[in-house]
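To start, the structure under review is shown below, and the notes come after it.
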Amino acid sequence: METLQILTKDTANGECFGGRIILNVGGIKYETYISTLTTYPTTLLGTMFQERNKALLKPTNGNEYFIDRDGYLFRYILQFYRKNTIILPVSGLDLTVTRKDLEDECDYFQIPHNAIISAPIVTLSRISPIRKLFADKLDNFVKTLESIAINIASTMLKHHFRGFKSTITITFAQESYIGGMTSVVIRPKNDSLTRSTWKVMSHHGAMGYFLLEQFGEDIGNYLTNSMPEVSWELNHKIYGVRERFYDITLIIDFDFNREKTLADSCLASQKKFN
């Protein structure tokens with residue numbers, strides 16, 4: 001599908017005002033879009049490249065503008081326009097850059113000082129490779145459950161645009177001789193989803209009961225926090241000394257919301273500029 005880009009022709013220099021430009025800052029050249037800069041219209045560059053001021057600009061080579069500032073420090077200024085923050089380095093090769101340096105540049109470019117934040121200090125610690133093996137199994141189990149919920153939602157949305165509710169219950173047995181996973185039930189019934197779920201989850205069958213016994217609440221919290229449309233139920237069933245089961249149920253309850261969908265889409269940035 002073709003996309004429509006609306007630009008304003010600058011008849012003075014033959015360039016499209018609003019398109020890609022080059023900023024030559026102290027001899028170091030940076031390439032960006034005018035729309036990136038005008039996102040923050042109260043800053044120096046945001047004001048400078050407003051369409052109402054285009055007649056005042058004197059580009060060279062059609063779309064290049066010279067700024068007599070520290071070219072190296074400007075990388076942090078451009079970071080603000082792209083990420084709404086300036087990260088002050090605390091390790092690595094940029095230790096010569098101080099907060100005072102960045103504040104001086106912010107003053108010139110009319111960016112508030114509170115945009116500057118310190119990079120988190122990362123403490124490197126070695127994890128036992130054997131412990132990591134088990135942590136990886138837990139991560140894979142959780143990610144598989146997450147992918148199952150997404151797969152069900154994707155399938156349901158093909159026919160239920162305004163909303164849907166679907167549940168999936170997976171049962172794990174304590175004794176691995178049963179095979180670990182004993183059943184998969186999806187409502188509304190969908191044989192294809194049931195088969196695919198069984199296939200991807202069967203790899204975790206032998207450990208499923210143990211993982212749910214040890215981390216069930218943590219798994220549920222993770223899934224419901226990452227997917228607010230999903231609720232979680234965990235039931236422990238005991239029928240005898242060797243007959244113990246965990247049922248995990250994911251309830252996916254989705255209602256279409258126009259404003260939230262718009263906010264999550266690529267149209268949100270367009271709405272902000274209009």
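Just so it is clear, the model here is predicted, and its values are computed rather than measured.
Side chain of E233 to main chain of L250: no donor-acceptor pair is present (N/O by atom type, distance under 3.5 Å, no hydrogens or angles). For S166 (side chain) and R187 (main-chain N/O), a donor-acceptor pair under 3.5 Å exists by modelled atom type. Checking side-chain atoms of T36 against main-chain N and O of T32 turns up no donor-acceptor pair under 3.5 Å. The backbone N or O of K199 lies less than 3.5 Å from a partner atom in the side chain of S202, making a donor-acceptor pair. Proximity of a side-chain donor or acceptor of T38 to a complementary backbone N or O of G46 within less than 3.5 Å is not detected. Judged purely by atom type and a 3.5 angstrom limit, N53 has no side-chain atom pairing as donor or acceptor with the backbone of L56. A donor-acceptor distance shorter than 3.5 angstrom exists from the side chain of T85 to the backbone of A115, with no hydrogens or angles considered. In terms of modelled atom types and a separation under 3.5 Å, the side chain of S226 and the main chain of Y222 share a donor-acceptor contact.
The environment of CD in E217 is sparse: at most 12 heavy-atom neighbours from other residues, nucleotides or ligands sit within 6.0 Å. Within a 6.0 Å radius of CD1 in I117, other residues, nucleotides and ligands contribute more than 12 heavy atoms.
Salt bridge annotation for E146-K143: present, with a cationic side-chain nitrogen under 4.0 angstrom from a carboxylate oxygen. No salt bridge links D191 with R195; every basic N to acidic carboxylate O contact stays at or beyond 4.0 Å. Salt-bridge annotation for K29 and E64: present, with a side-chain N of the basic residue lying under 4.0 Å from a carboxylate O of the acidic one.
Taking the six-membered ring where the residue is Trp, the centroids of F245 and Y239 are separated by under 6.0 Å.
By the 4.5 Å heavy-atom criterion applied to side chains, T60 and F66 are not counted as neighbours. Side chains of K237 and R244 form no contact here, defined as non-hydrogen atoms less than 4.5 Å apart.
For the pair R75 and Y30, the cation-pi criterion (under 6.0 Å, within 45° of the ring axis) is not fulfilled.
Across all their heavy atoms, T47 and P41 have their closest contact at OG1-O, 2.7 Å. T224 and N221 get closest at one heavy-atom pair: OG1-O, 3.2 Å. Residues F141 and G208 share a closest heavy-atom pair of CE1-CA, 4.0 Å. Scanning both residues, E229 and F254, for their nearest heavy atoms gives CG-CD1, 4.2 Å. For the residue pair A149 and I252, the shortest heavy atom distance occurs at O-CD1, 3.6 Å. Between M181 and I170 the shortest heavy-atom distance is SD-CG2, 3.5 Å.
Residues I28 and V97 fall within the same hydrophobic cluster, defined by Ile, Leu, Val, Met, Phe, Trp and Tyr side chains chained together at heavy-atom separations under 4.5 Å. Cluster membership check: I150 shares its hydrophobic cluster with F164, using side-chain heavy-atom separations under 4.5 Å among Ile, Leu, Val, Met, Phe, Trp and Tyr. Using a 4.5 Å cut-off between side-chain heavy atoms of Ile, Leu, Val, Met, Phe, Trp and Tyr, with links allowed through other members, I87 and L78 fall into different hydrophobic clusters. Under a hydrophobic-cluster definition in which Ile, Leu, Val, Met, Phe, Trp and Tyr are linked whenever side-chain heavy atoms come within less than 4.5 Å, directly or via other members, I22 and L57 are assigned to different clusters.
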Take V230 and I251 through the test side chain to side chain contact (heavy atoms under 4.5 Å, CB included) and record every step on the way to the result.
CA-CA 5 Å; V230 174; I251 303 112; over 6 Å; no
Residue pair W232, L145: steps toward the side chain to side chain contact (heavy atoms under 4.5 Å, CB included) verdict:
CA-CA 11 Å; W232 159 280; L145 288 173; 4.1 Å; yes
Step by step, work out the side chain to side chain contact (heavy atoms under 4.5 Å, CB included) result for L73 and E105.
CA-CA 8 Å; L73 291 177; E105 294 306 299; 3.8 Å; yes
Would you sort out whether L234 and I219 count as a side chain to side chain contact (heavy atoms under 4.5 Å, CB included), showing the intermediate values?
CA-CA 10 Å; L234 182 64; I219 293 172; over 6 Å; no
Would N140 and H203 count as a side-chain hydrogen bond (donor to acceptor under 3.5 Å, both in side chains) if you check the C-alpha gap in whole Å, the side-chain angles of each, and the deciding distance to 0.1 Å?
CA-CA 10 Å; N140 289 337; H203 302 295; over 6 Å; no
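One side chain, T43 or Y81, offers a donor N or O that lies under 3.5 Å from an acceptor on the other. At a cut-off of 3.5 Å, with distance as the only test, no side-chain donor of T169 or D247 sits close to an acceptor on the other residue.
Rounding to the nearest 0.5 Å gives a distance of 8.5 Å between CG of L45 and CD1 of I77. Expressed to the nearest 0.5 Å, how far SG of C106 lies from CG of L44 amounts to 12.0 Å.
Partners of D264 according to the side-chain hydrogen bond (donor to acceptor under 3.5 Å, both in side chains) rule, which considers only residues two or more places apart in sequence or in another chain, do not exist here.
When each of Y40, F80, F74 is paired with F109, the ring-ring contact (aromatic ring centres under 6.0 Å, His included) condition holds for F74 and for no other.
Aromatic ring pairs are classed by plane angle as parallel below 30°, tilted from 30° to 60° and perpendicular above 60°; the pair Y209 and Y246 is tilted.
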